[in-house]
K.L.:
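If you scroll down you'll find the structure; I have some questions about it.
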Amino acid sequence: IVVSSATDQQLTLNDTSGAGPYLALARSNTRRSYIGFGSSGNNLNIVNEYADGATIIGSGNATTLTLDSSQNATFAGTISSGAINSSGAFSGHSVTLGYGATFTNGNTNFLLYNNTGDNLLYMRDATNGQMITTWYTDRFQVDKALRVQGNIMKGATVVMDASRNL
């Protein structure tokens with residue numbers, strides 16, 4: 001079927017029954033995927049009905065986004081976004097952050113960061129404005145009270161045991 005028109009709307013699927021308009025894609029007379037609106041709501045559905053099938057979106061003659069049968073999304077390029085929130089765990093090889101990472105427990109915000117040109121890493125209590133620790137390339141500095149449970153050791157040698165004996 002070739003539809004040709006001088007307007008920007010060459011083909012219209014108009015459902016008047018309330019069931020929702022769909023475009024079905026079939027193989028051997030069996031529907032395998034569809035694009036359309038359901039009978040309620042305003043969602044556009046793009047569905048691959050194969051249990052092990054993926055939905056692939058492309059641009060520039062290349063795959064851009066793959067949605068697999070386990071509901072995982074794989075992007076081919078960089079994701080540019082505002083805030084990205086996750087209700088699950090993050091897994092990956094590395095995370096690159098511009099300035100630092102903020103962690104919160106609901107009461108206190110912690111900031112792990114590095115200043116440009118410094119070869120060290122800071123941890124700060126951002127809620128109370130207090131430095132907690134500083135990691136240098138050759139030493140570790142604690143800026144708060146230090147509580148050690150167990151022995152303090154240098155290599156395999158106990159320098160101070162749990163009873164504070166040297």
Side-chain angles (χ1 to χ4, degrees), residues 1-137 140 149-150:
I1 297 175
V2 175
V3 179
S4 179
S5 172
T7 67
D8 65 354
Q9 185 174 315
Q10 287 84 18
L11 178 64
T12 300
L13 299 177
N14 184 30
D15 173 62
T16 58
S17 70
Y22 281 93
L23 172 64
L25 303 172
R27 183 177 287 160
S28 301
N29 293 320
T30 302
R31 185 178 87 178
R32 299 298 184 183
S33 62
Y34 61 88
I35 300 170
F37 283 97
S39 59
S40 64
N42 297 319
N43 296 327
L44 174 65
N45 299 295
I46 302 172
V47 178
N48 179 347
E49 294 183 306
Y50 278 100
D52 61 348
T55 300
I56 298 171
I57 299 172
S59 66
N61 202 27
T63 298
T64 304
L65 169 63
T66 301
L67 304 170
D68 71 18
S69 59
S70 298
Q71 290 72 50
N72 296 313
T74 303
F75 293 86
T78 302
I79 301 171
S80 298
S81 175
I84 297 176
N85 299 306
S86 172
S87 59
F90 167 81
S91 64
H93 300 288
S94 67
V95 176
T96 301
L97 304 171
Y99 174 72
T102 301
F103 305 93
T104 185
N105 64 7
N107 297 318
T108 306
N109 293 321
F110 298 96
L111 177 63
L112 191 62
Y113 67 100
N114 170 268
N115 289 323
T116 303
D118 288 346
N119 288 324
L120 44 98
L121 184 67
Y122 302 102
M123 179 177 274
R124 175 178 280 292
D125 172 347
T127 303
N128 299 304
Q130 299 174 354
M131 188 62 71
I132 298 173
T133 56
T134 305
W135 288 271
Y136 295 86
T137 56
F140 176 73
Q149 291 183 287

K.L.:
Kindly indicate, with the supporting measurements, whether the criterion side chain to side chain contact (heavy atoms under 4.5 Å, CB included) is fulfilled by Phe75 and Thr64.
P.N.:
CA-CA 6 Å; Phe75 293 86; Thr64 304; 5.9 Å; no

K.L.:
Answer with yes or no whether the side chains of Arg31 and Tyr22 bring together a donor and an acceptor at under 3.5 Å.
P.N.:
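Judged by distance alone, the side chains do not pair up.
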
K.L.:
Heavy atoms only: give me the nearest Arg124-Ile132 pair and the separation to one decimal.
P.N.:
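Closest heavy-atom pair between Arg124 and Ile132: C-CD1, 4.1 Å.
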
K.L.:
Testing the basics here: between Trp135 and Tyr122, what is the closest heavy-atom pair and its distance to 0.1 Å?
P.N.:
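The pair with the smallest heavy-atom distance is CZ3-C, 4.2 Å.
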
K.L.:
Is there a donor-acceptor contact under 3.5 Å from the side chain of Asp125 to the main chain of Asn128?
P.N.:
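The answer is yes, because a donor-acceptor pair under 3.5 Å joins these two groups.
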
K.L.:
Identify the heavy atoms of Ala51 and Ser69 that sit nearest to each other, and give their distance.
P.N.:
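The pair with the smallest heavy-atom distance is O-CB, 3.1 Å.
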
K.L.:
Do you know which of Asn109, Asn107, Leu111, Thr104 makes side-chain contact (heavy atoms from CB on, under 4.5 Å) with Thr127?
P.N.:
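Filter result, single survivor: Asn109.
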
K.L.:
Flag yes if more than 12 heavy atoms outside Asn119 fall under 6.0 Å of its CG atom; otherwise flag no.
P.N.:
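Open: at most 12 neighbouring heavy atoms sit under 6.0 Å from CG of Asn119.
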
K.L.:
Mind listing the closest non-hydrogen atom pair of Leu67 and Ala73 along with its distance?
P.N.:
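Minimum heavy-atom contact is CD2-CB, 3.7 Å.
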
K.L.:
Do Phe103 and Phe110 have their ring centres less than 6.0 Å from each other?
P.N.:
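That pair fails the under 6.0 Å test.
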
K.L.:
Quick one, Tyr99 and Asn114 - any side-chain contact, counting heavy atoms below 4.5 Å?
P.N.:
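Tyr99 vs Asn114: side chains apart.
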
K.L.:
Ignoring hydrogens and angles, tell me if any N or O in the side chain of Asp68 forms a donor-acceptor pair with the backbone of Ser70 under 3.5 Å.
P.N.:
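Such a contact is found between Asp68 side chain and Ser70 backbone.
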
K.L.:
Answer with yes or no whether the side chains of Asn48 and Ser33 bring together a donor and an acceptor at under 3.5 Å.
P.N.:
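No donor-acceptor contact under 3.5 Å links the two side chains.
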
K.L.:
Working to the nearest 0.5 Å, report the span between CG of Leu23 and CG of Asn45.
P.N.:
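Rounded to the nearest 0.5 Å, the CG-CG separation comes to 12.5 Å.
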
K.L.:
To the nearest 0.5 angstrom, please state how far the CG atom of Leu121 sits from the OG1 atom of Thr133.
P.N.:
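OG1 of Thr133 is found 7.5 Å from CG of Leu121.
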
K.L.:
What distance separates Thr55 OG1 from Leu65 CG, expressed to the nearest 0.5 Å?
P.N.:
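Nearest 0.5 Å value for the OG1-CG distance: 9.0 Å.
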
K.L.:
Does the side chain of Thr7 come under 3.5 Å of the side chain of Ser5 through a donor N or O and an acceptor N or O?
P.N.:
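The criterion, which ignores hydrogens and geometry beyond distance, is satisfied for Ser5 and Thr7.
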
K.L.:
Taking all non-hydrogen atoms of both residues, which atom of Asp15 and which atom of Gly20 are closest, and how far apart?
P.N.:
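What the structure gives for the nearest pair is OD2-N, 2.7 Å.
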
K.L.:
If you take all heavy atoms of Val3 and Gln10, which pair is closest and at what distance?
P.N.:
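That would be CG1-O, 3.1 Å.
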
